Amino acid sequence: FSFVEQPIKDLQPLFKSTYQRTRPQKVSVILKKVMKYYSTVFSDPTVNIQCEINEVAPLEVESTEAVLMQSLINLLDNSLYWLRTATSPTDKRLISIVLDGCHRTLTFSDNGPGISDENRDYVFKAFFSTKRKGRGLGLYIARQLLGRYGFSIRLASKAESKLQGAAFVIDFNVEEE
């Protein structure tokens with residue numbers, strides 16, 4: 001059971017998130033933890049995940065580990081679903097994650113079908129989903145959790161995205177109230 005033990009330990013913060021204290025979190029460490037989890041548990045050789053981390057300007061934010069993990073997991077789950085559902089296994093399936101410590105942003109994009117213009121206003125609404133059996137809570141929860149700490153998540157512009165599918169920016173610049 002040792003092969004299961006580490007992935008469970010890595011995800012444990014998700015299950016006790018209401019009891020976690022806010023403290024400085026290195027976003028790159030959380031991102032690497034989520035990437036490690038996905039590479040060992042949900043390995044899919046037909047999906048290439050490219051992760052760029054600007055180590056020159058490490059990004060540290062006041063949050064809980066669970067909030068960051070849940071948000072990243074929701075984005076990855078959505079991308080993997082659409083890449084597997086709407087593309088052929090012979091297509092190049094790509095996910096790009098860029099952590100920019102200088103601008104305090106994380107840009108997440110894929111080369112799946114993207115989000116139609118008619119759905120752009122609804123993707124962060126509770127219970128809105130275009131997935132066949134989706135609940136419509138992933139992006140809504142990510143926005144709510146990040147917003148608790150003054151962070152935001154939004155659809156990325158074409159200029160901000162490395163790929164032509166769905167693209168999101170998490171902005172860690174704290175919004176003043």
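Every value quoted in this text rests on a predicted model; they were computed, and no experiment measured them.
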Please answer: with hydrophobic residues joined when any side-chain heavy atoms are less than 4.5 Å apart, are [X] and [Y] in the same cluster?
X	Y	result
V169	I115	no
V29	V67	no
V56	L59	no
V34	L146	yes
I141	W82	no

Do S71 and N74 have a side chain donor and acceptor closer than 3.5 Å?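 No, because no side-chain N or O of S71 sits under 3.5 Å from a partner of the opposite role on N74.
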Tell me, do [X] and [Y] make a side-chain contact under 4.5 Å, heavy atoms counted?
X	Y	result
Y149	V61	no
L31	M35	yes
K162	E52	yes
E65	R23	no
C102	N54	yes
D171	I153	no
L80	I95	yes
M69	Y37	no

Verify, without hydrogens or angle tests, whether [X] (side chain) and [Y] (backbone) share a donor-acceptor contact under 3.5 angstrom.
X	Y	result
D110	A167	no
N111	L94	yes
R93	L83	yes
D100	L106	no

How long is the straight-line distance from [atom2] of [Y] back to [atom1] of [X], given to the nearest 0.5 Å?
X	Y	atom1	atom2	value
L139	Q144	CG	CD	11.5 Å
N173	T105	CG	OG1	8.0 Å
T130	Y122	OG1	OH	13.5 Å
F151	E62	CZ	CD	8.0 Å
L145	S63	CG	OG	8.5 Å

Let me see the working for Q25 and I30 under side-chain contact (heavy atoms from CB on, under 4.5 Å), right down to the final yes or no. CA-CA 8 Å; Q25 303 288 338; I30 308 296; 3.8 Å; yes
Flag if over 12 foreign heavy atoms under 6.0 Å of CZ, R135: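 No - once you tally the heavy atoms of other residues, nucleotides and ligands closer than 6.0 Å, there are 12 at most.
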Step through the shown structure and confirm whether more than 12 heavy atoms of other residues, nucleotides or ligands are within 6.0 Å of NZ on K131.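 More than 12 heavy atoms, drawn from other residues, nucleotides or ligands, come within 6.0 Å of this atom.
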Test L76 against Y38 for side-chain contact (heavy atoms from CB on, under 4.5 Å), laying out the working first. CA-CA 9 Å; L76 268 170; Y38 269 85; 3.6 Å; yes
The test is side-chain contact (heavy atoms from CB on, under 4.5 Å); show your working for N119 and F128 and say whether it passes. CA-CA 9 Å; N119 290 333; F128 175 79; 3.4 Å; yes
Parallel, tilted or perpendicular: which one describes the rings of F124 and F168, with boundaries at 30° and 60°?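 F124 and F168: perpendicular rings.
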Check salt bridge (charged side-chain N to carboxylate O under 4.0 Å, His left out) between K32 and all other residues, then give those that pass, not counting sequence neighbours.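 Applying salt bridge (charged side-chain N to carboxylate O under 4.0 Å, His left out) to K32 gives E55.
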E60: which residues meet the salt bridge (charged side-chain N to carboxylate O under 4.0 Å, His left out) condition with it, sequence neighbours left out?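 If we apply the salt bridge (charged side-chain N to carboxylate O under 4.0 Å, His left out) test to E60, skipping adjacent residues, there are no hits.
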With Y81, which residues qualify under ring-ring contact (aromatic ring centres under 6.0 Å, His included), at least two apart?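 Expected list: none.
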Nearest heavy-atom neighbours spanning F108 and S79: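 Closest approach of F108 to S79: CE2-OG, 3.1 Å.
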Would I170 and L68 satisfy side-chain contact (heavy atoms from CB on, under 4.5 Å), going step by step from the backbone distance to the final call? CA-CA 10 Å; I170 297 176; L68 300 175; over 6 Å; no
